[in-house]
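Because the structure is predicted, anything quoted here is derived from the model rather than measured. All chains are named by letter (A, B, ...) in the order of the sequence lines, taking the proteins before the strands, and each is independently numbered beginning at 1.
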Amino acid sequence: MDKVQADRWRGVAERTWRPAALLAACLAVWHLITVTGLVEAYLVPSPAKTFGLLVDKWSYLWGHTWVTTYETILGFVIAGVLGVLVAVAMVYSRTIESTAYPILLFAQVIPKIAIAPLFVVWLGFGLEPKVIVAVLMAFFPVVISTVTGLKSVDTEMLDLAATMGGGPVKTFVKIRFPAALPHLFAGLKVAVTLAVTGAVVGEFVGSNEGLGYVILQANGNMDTPMLFAGLIVISVVGVLLFLLLDLAERLMLPWHASRRGAAVTTLLAKGGS
Amino acid sequence: MTGTLTTPAVSIGDVSVRFQSKRAEVTAIQQVSLDVAPGEFVSIVGPSGCGKSTLLKLVSGLLSPSSGSVTLLGEPVNGPRHDIGFVFQRAALLEWRSARRNILLQAEMRGMNSAEAGRRADELIEMTGLSGFENALPHELSGGMQQRVALCRALLHQPRVLLMDEPFGALDALTREQMNVELHRVWRETGTTVLLVTHSIAESVYLANRVIVLTRRPAVVHEVIEVDLAGTRDYSATMARPEFASTTAHIRELLGAVTGQD
Ligand SMILES: Nc1ncnc2c1ncn2[C@@H]1O[C@H](COP(=O)(O)OP(=O)(O)O)[C@@H](O)[C@H]1O
Ligand SMILES: [Mg+2]
């Protein structure tokens, strides 16, 4: 038991040291740039100053972090549910597919930052415009990946299902949907990072809370340490949400994860391989 | 013809199949007729692309003929039939289900009684030598094991007709022989009617009562060979019999003639 435990930790260490080293190197470069005076301190604050601020102003940042995270998760969940439903409709109906595709593509191509002000005009400064921008950002990858997944099922498997006589609902529940899950998760992981961006963009356009607001304020005050701190927190939120999904994928699709090879959460995974 | 008194298990009457592709119309099967008696084992051989898979799809109702009629167990085939078992060249297993749960998919889709299906699955697992691998996932199984799972799944609901489309085509020679012996035993024990499409002449003769040789596309029945190998068909003993050698040689000659090689 102890040996297994030890091996496990050694495995974690082996997978972690490279990214950790790279991160340390980046911090070192950042530090060097600031101490050598290569760049003026008011343009790029030192890592020490930035992280010091992070700690000092934590209670202030925490409130805004929660606002942005809430908008992100809400937008992501709505995009996930809508995306899967639309994808299913598209896979089962040629007509819906050909009707919806151009609209979807159009909605995807429109720059969200350009239409975000419109949502503010329509819906005010509250939660809704941020969530809508997050949904718009996250929706497309969910639809595309789910459609791909649902279409990836073997024709032979579908032929077999037809001879088994379970009907379309059972075929979907037992065969098509589970088969699409690996693709769906890939789409969800992209979507969640985009949802963070969507929420922040929504906050940029009109808000008095959230990390987007913090950054905009800091920018206005030439408060670069706070700006950097805000950026770091946003990234951490995105990475954590991504890792959460990766973990969920591992738990829900062990059959897939075990064959997928190295992934981000091999860092977190309890069992090796 | 063996079954003049009983209704044939499968009856294909003057069937043609034409596919409409972008460039041209392809006739895959032309006026093929074939009766298979209940409990009979029929092998189908022919050049690649001649229409063998198409023939099995017709029998299962996955495909409708352009003309002619197909009757299965006394009922005309129109639309996918549920009273058959189908095995493809690729095992087509669900990656996320264990061997046993892949077999039980058949029961779940049909809404069979689960206790009974479970017992039947265990019987089949035992019969096909899958014991000990019930909980393995497909990617943990060898090709032969995967194909055994597919066979068990096809037999779970005790179909009276089993359709097999090059089921052992992807296996190595030794595993293939083993599977042949097992399939022969399963057939004797269950009394199922079997239609087997294969590229192996030895396999076709070892297993079948009759071998149907099809021509190049559009497929027509070139010759029907009655296989006269009474007895239990012990593998190596059967291989060594002079009737076996002469029958396989004859089929090889026929296939050489239809593919234009030799
Ligand atoms: N759905 C289809 N559409 C068009 N052509 C097809 C289709 N299915 C099969 N064919 C053609 O019909 C012929 C017979 O196919 P098949 O029955 O799969 O041959 P095989 O004897 O190798 O199993 C082939 O030439 C193939 O290209
Ligand atoms: Mg074929």
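- There is no side-chain donor-acceptor pair under 3.5 Å between B/Asn135 and B/Ser98.
- Judged by distance alone, the side chains of A/Thr68 and A/Glu203 do bring a donor and an acceptor atom under 3.5 Å apart.
- Across A/Leu181, A/Thr163, A/Val173, the residue that shares the most heavy-atom pairs under 4.5 angstrom with chain B is A/Thr163.
- Within residues 15-30 of chain B, no residue has any heavy atom less than 4.5 Å from a heavy atom of chain A.
- Side-chain N/O atoms of B/Glu203 and B/Asn180 include a donor and acceptor closer than 3.5 Å.
- Between chain A and the residues B/Pro80, B/Pro159, B/Ala92, the most heavy-atom pairs under 4.5 angstrom are made by B/Ala92.
- Between the side chains of B/His199 and B/Glu166, a donor-acceptor pair is found at a separation under 3.5 Å.
- For the side-chain contact (heavy atoms from CB on, under 4.5 Å) criterion with A/Val236, the lone passing option out of A/Val239, A/Ile234, A/Val233, A/Ile232 is A/Ile232.
- Pairs of residues two or more places apart, or lying in two chains, that qualify as ring-ring contact (aromatic ring centres under 6.0 Å, His included) and include a residue from residues 38-78 of chain B are B/Phe41-B/Trp187.
- Residues satisfying the side-chain contact (heavy atoms from CB on, under 4.5 Å) criterion with B/Gln158, sequence neighbours excluded, are B/Arg120.
- Under a 4.0 Å N-O distance rule, the pair B/Asp122/B/Arg119 does not qualify as a salt bridge.
- The part of B/Phe88 that comes within reach of chain A is its side chain, from C-beta onward, which places non-hydrogen atoms under 4.5 angstrom from that chain.
- Cation-pi geometry between A/Arg176 and A/Tyr92 is met: under 6.0 angstrom from the ring centre, within 45 degrees of the axis.
- Of all residues spanning residues 100-110 of chain B, those with a heavy atom less than 4.5 Å away from chain A's heavy atoms are B/Leu105, B/Gln106, B/Glu108, B/Met109, B/Arg110, arranged by number.
- Contacts between B/Arg153 and chain A at a heavy-atom distance below 4.5 Å involve the side chain alone, from C-beta outward.
- For B/Lys57, the NZ atom is loosely surrounded, since the number of other residues' heavy atoms within 6.0 Å does not exceed 12.
- For the residue pair B/Ser200 and B/Thr198, no side-chain donor N or O sits within less than 3.5 Å of a side-chain acceptor on the partner.
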